[in-house]
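Worksheet: the structure to be examined is printed underneath.
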There are 2 protein chains.
Amino acid sequence: MGITERRQRQKDEVRTSIINAARTLVLEEGWQSLSIRRIAEAIEYSVPVIYDHFENKDAILTEFTMTGYDMLAKSLKQAKSQSDQPCQQLDAMANAYWNFAFENKEYYQLMFGLGMPNCESARSIPGLAEFGELLITSIKEVIASSPNQDKDPFLKYHTFWSVLHGLVSINMMHKTTTHGNMNELILKDAISSFIKALKE
Amino acid sequence: MGITERRQRQKDEVRTSIINAARTLVLEEGWQSLSIRRIAEAIEYSVPVIYDHFENKDAILTEFTMTGYDMLAKSLKQAKSQSDQPCQQLDAMANAYWNFAFENKEYYQLMFGLGMPNCESARSIPGLAEFGELLITSIKEVIASSPNQDKDPFLKYHTFWSVLHGLVSINMMHKTTTHGNMNELILKDAISSFIKALKE
DNA sequence: CTGCAATTACTAACAGTGTTAGCAAATGTA
DNA sequence: TACATTTGCTAACACTGTTAGTAATTGCAG
């Protein structure tokens with residue numbers, strides 16, 4: 001009896017149409033003006049239907065956070081695969097991170113800016129775990145072939161990530177204060193400093 | 001005729017009572033649950049009175065952003081005055097920045113997280129300018145007495161700030177992922193890397 | 001093919017938000 | 001005392017997220 005399966009398929013269609021509508025709304029007018037009612041209007045259903053697929057508005061945002069981390073992890077994975085030298089890998093991943101942030105500004109803002117994802121939910125984001133793995137493995141390799149081996153890879157990973165996030169978000173908010181290609185210079189500066197310290 | 005002056009004084013009292021009420025509300029329940037109506041209730045006035053003192057809710061938040069940058073600049077100024085060695089000054093200011101962020105979490109989140117202050121308004125925040133000056137002057141001194149003098153102090157300032165902000169915000173959102181005094185270690189790690197690169 | 005059960009989608013409402021138009025009262029000035 | 005100005009209010013508008021209750025559709029068993 002494929003009836004229930006067809007029903008499930010139809011239900012899934014509505015679900016994806018919800019997140020599609022939400023995405024286009026966000027890309028057009030930002031998170032601020034994303035409302036349940038406007039999603040309902042876009043998918044040509046009434047409001048309560050949305051609550052059959054998502055517990056509340058936050059659940060929709062969480063969905064985007066998840067896929068956001070997934071996209072980020074994919075980008076980094078791709079960047080890392082371009083080289084097998086750990087230092088170059090780190091450099092490439094830093095660039096990939098930067099590009100992801102500015103090519104998917106809305107995603108990035110949701111992932112890091114507004115929501116401040118619940119501390120507990122952090123470990124339940126698969127993309128985030130992969131993200132960490134990608135960076136940590138490269139960092140470990142650099143440390144392994146360095147004179148000073150008493151460095152904590154996990155600490156270094158957090159430092160690396162913090163530096164990246166700081167660069168991105170400061171540049172996102174105070175765009176005018178930096179002019180021209182200053183942004184890329186700052187990125188290069190910070191990342192090369194970090195890698196240099198890591199190799200010592 | 002001191003009448004108009006007394007009136008002005010009374011008006012100012014209402015104004016400060018508005019921001020005081022707003023602050024306590026925020027400290028108790030966060031920015032999320034700050035509403036015009038709750039402020040009105042707290043100051044025992046009706047809602048439209050608030051609009052006689054602030055153009056809209058955003059203006060109230062801007063007020064907090066302003067004083068936030070002022071407080072931050074004061075903290076850094078104080079920290080810097082403890083030493084006249086530029087490297088120690090940078091270290092002290094980094095620590096002051098860190099402490100400010102976590103001792104005034106709500107301010108910090110408003111200043112950097114949620115609002116993403118309008119790009120144009122950036123240059124109209126006096127505290128922000130002072131903040132920049134404090135860091136740049138120390139950075140310039142370090143560069144001046146270093147072998148390699150072809151470093152852009154402005155670029156280094158942005159890097160320094162970005163690193164700091166990244167450290168703070170990553171730690172604010174993913175508090176559980178780091179355990180114990182890891183946080184301070186990460187701070188020390190990143191800042192010492194930066195200063196080391198600056199001295200070369 | 002009809003009657004019943006379950007799903008589906010709806011209208012309408014509740015409680016809250018920022019914001020403002022219009023009016024009444026209090027206040028200072030002539 | 002009469003007028004003008006300021007001051008503060010009530011009430012409304014247009015939104016927001018969320019949900020209770022209801023009507024219609026649908027699938028299945030007799």
Side-chain angles (χ1 to χ4, degrees), chain A residues 1-26 28-65 110 114-118, chain B residues 1-26 28-65 110 114-118:
Chain A
M1 50 180 68
I3 290 169
T4 57
E5 289 162 14
R6 190 213 58 202
R7 277 198 157 171
Q8 187 59 40
R9 216 162 44 232
Q10 285 180 340
K11 196 161 184 173
D12 287 354
E13 264 175 42
V14 175
R15 196 191 139 93
T16 59
S17 85
I18 288 174
I19 73 150
N20 282 339
R23 182 175 40 245
T24 55
L25 279 173
V26 167
E28 279 170 1
E29 311 185 44
W31 295 108
Q32 195 74 33
S33 54
L34 175 68
S35 79
I36 300 285
R37 280 181 174 78
R38 297 191 63 180
I39 295 176
E41 193 184 12
I43 65 172
E44 293 175 306
Y45 274 93
S46 73
V47 168
V49 171
I50 294 174
Y51 288 89
D52 292 337
H53 299 84
F54 295 93
E55 193 184 346
N56 48 30
K57 189 181 177 181
D58 235 54
I60 300 177
L61 300 185
T62 303
E63 184 90 0
F64 279 98
T65 303
L110 180 65
L114 192 81
M116 292 274 172
N118 306 345
Chain B
M1 48 179 69
I3 290 170
T4 57
E5 290 162 15
R6 190 214 59 204
R7 277 198 155 171
Q8 187 59 41
R9 215 161 46 231
Q10 286 179 339
K11 195 160 185 175
D12 288 352
E13 264 175 43
V14 175
R15 196 192 139 93
T16 60
S17 85
I18 288 175
I19 71 149
N20 283 340
R23 181 172 42 244
T24 55
L25 279 175
V26 167
E28 279 170 2
E29 311 185 45
W31 294 108
Q32 195 74 34
S33 55
L34 174 68
S35 80
I36 301 284
R37 279 179 173 80
R38 297 190 64 178
I39 295 176
E41 191 183 14
I43 65 172
E44 293 176 305
Y45 273 93
S46 73
V47 168
V49 171
I50 294 174
Y51 288 88
D52 292 338
H53 298 85
F54 295 92
E55 192 184 348
N56 48 29
K57 189 181 178 181
D58 235 55
I60 299 178
L61 299 185
T62 302
E63 183 90 2
F64 279 98
T65 303
L110 180 66
L114 193 80
M116 291 273 173
N118 306 345

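All values derive from a computational prediction rather than experimental measurement.
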>> The side chain of A:Arg38 is closest to which nucleotide in this list: C:dT8, C:dG18, D:dT16?
In response: D:dT16
>> Quick check: on DNA chain C, is the nucleotide nearest A:Arg37 upstream (toward 5') of the one nearest A:His53, or the reverse? Name the residue that is more 5'.
In response: A:His53
>> I want to check one thing: is the phosphate of C:dT17, taken as OP1 and OP2, less than 4.0 Å away from some side-chain N or O of B:Ser35?
In response: yes
>> By the 4.0 Å heavy-atom rule, please label A:Asp52 as base, sugar-phosphate, or nothing.
In response: nothing
>> Are more than 12 heavy atoms, taken from residues, nucleotides or ligands other than A:Phe54, located less than 6.0 Å from that residue's CZ atom?
In response: yes
>> Measure CD/A:Gln10 against C1'/D:dG27 and give the value in whole Å, please.
In response: 13 Å
> Taking it one step at a time, do A:Glu28 and A:Arg38 satisfy salt bridge (Lys or Arg N to Asp or Glu O under 4.0 Å)?
Replying inline: CA-CA 13 Å; A:Glu28 279 170 1; A:Arg38 297 191 63 180; over 6 Å; no
>> From C-beta outward on B:Ser46, which listed nucleotide comes closest to its side chain: D:dT18, D:dG8, D:dT19?
In response: D:dG8
> Looking at the side chain of B:Pro48, which of C:dA9, C:dG18, C:dT20 is the nearest nucleotide?
Replying inline: C:dT20
>> Mind checking if B:Tyr51 touches a base, just sugar-phosphate, or nothing, with heavy atoms under 4.0 Å?
In response: base
> If you find the nucleotide of DNA chain D closest to B:Tyr45 and the one closest to A:Glu55, which residue's nucleotide is nearer the 5' end?
Replying inline: B:Tyr45
> How many Å lie between CD1 on B:Ile50 and P on C:dT19, as a whole number?
Replying inline: 10 Å
> Between A:Phe64 and A:Leu110, which heavy-atom pair has the shortest distance, and what is it?
Replying inline: CB-CD2, 3.5 Å
> Quick one: B:Phe54 CZ to C:dT19 P, roughly how many Å, whole number?
Replying inline: 13 Å
> Could you give the distance from CD (B:Glu29) to OG1 (B:Thr24), rounded to the nearest 0.5 Å?
Replying inline: 9.5 Å
> Can you check the A:Lys11 NZ to C:dT7 P distance for me, whole Å?
Replying inline: 9 Å
>> Could you tell me how far apart A:Lys57 (NZ) and D:dC15 (C1') are, to the nearest whole angstrom?
In response: 12 Å
> Once you round to the nearest 0.5 Å, how far does CD1 of A:Ile19 lie from CG of A:Leu25?
Replying inline: 12.5 Å
> Tell me: CG of B:Leu61 to C1' of C:dG18, nearest whole Å?
Replying inline: 12 Å
>> Need one value for A:Leu34: base, sugar-phosphate or nothing, where a base atom within 4.0 Å counts as base even if backbone is also close, heavy atoms only.
In response: sugar-phosphate
>> I need the CH2-P distance between A:Trp31 and D:dG17, as an integer number of Å.
In response: 13 Å
> Whole-Å distance between C:dT11 P and A:Glu41 CD?
Replying inline: 13 Å
